[in-house]
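The structure under discussion appears below in the form of structure tokens.
Numbers here simply count residues along the sequence, with the first being 1. Whatever order the structure lists ligands and atoms in, that order sets their numbers, starting from 1. These numbers were taken from a predicted model, which means no experiment stands behind them.
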Amino acid sequence: MAAKKESPYACHIFVCVNDRHGQRKSCADGNNPAIRKRLKEEVVNRGWRPQVRVSQCGCMGLCADGPNVILYPQKIWFSDVSSEDVTTILSAVDGILKSISTN
Ligand code: FES
């Protein structure tokens, strides 16, 4: 039987990198692999590990809105993400971490 437990992360950033190779719109069309790499670097540089983790994931079902990046357990979705949005995503994570530290 599976062991059920709480996530060890205060914020888990999922970056959809699903690639349909042009057959249909997919998150990889929007350079999400590069965005994932940059988010990972920033999380390390800001000393957010191990509280924050960046993971690539497959399709989350809202492909038409993509590229998608989501924050869990906060249930925050960033859609139509481009490289310019990395700062906004990091600001959201920073706010989450600050709100946790003040509680
Ligand atoms: S391809 Fe990213 S949500 Fe479907």
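Side-chain atoms of R53 never come within 3.5 Å of backbone atoms of H12 as a donor-acceptor pair (strictly under, hydrogens ignored). Looking only at distances, a side-chain donor or acceptor of Q74 sits under 3.5 Å from a matching main-chain atom of A10. At distances below 3.5 Å, not a single donor-acceptor pair connects side-chain atoms of N18 with backbone N or O atoms of S26.
Under a 4.0 Å criterion applied to the non-hydrogen atoms of N18, ligand 1 contributes the atoms 1 (S). Annotation for ligand 1: atoms under 4.0 Å from non-hydrogen atoms of C16 are 1 (S), 2 (Fe), 3 (S). Within ligand 1, counting atoms from 1 as listed, the ones closer than 4.0 Å to a heavy atom of N68 are 3 (S). Those atoms of ligand 1 that come under 4.0 Å of a heavy atom in L62, given as number and element, are 3 (S).
Put simply, C27 stays out of reach of atom 4 (Fe) of ligand 1, with no N, O or S atom under 2.8 Å from it.
In the hydrophobic clustering of this structure, V52 groups with I76; members are Ile, Leu, Val, Met, Phe, Trp, Tyr whose side-chain heavy atoms approach within less than 4.5 Å, directly or through other members.
Looking only at atom types and distance, the side chain of S91 has no donor-acceptor partner in the side chain of D94 under 3.5 Å away.
Among all protein heavy atoms, the one lying closest to atom 3 (S) of ligand 1 is M60 N, 3.2 Å.
For NZ of K25, the number of neighbouring non-hydrogen atoms (other residues, nucleotides, ligands) closer than 6.0 Å is greater than 12.
G66 does not count as a contact of ligand 1, since none of its heavy atoms falls under 4.0 Å from the ligand.
Contacts of C63 with ligand 1, taken as heavy-atom pairs under 4.0 Å, involve both backbone and side chain.
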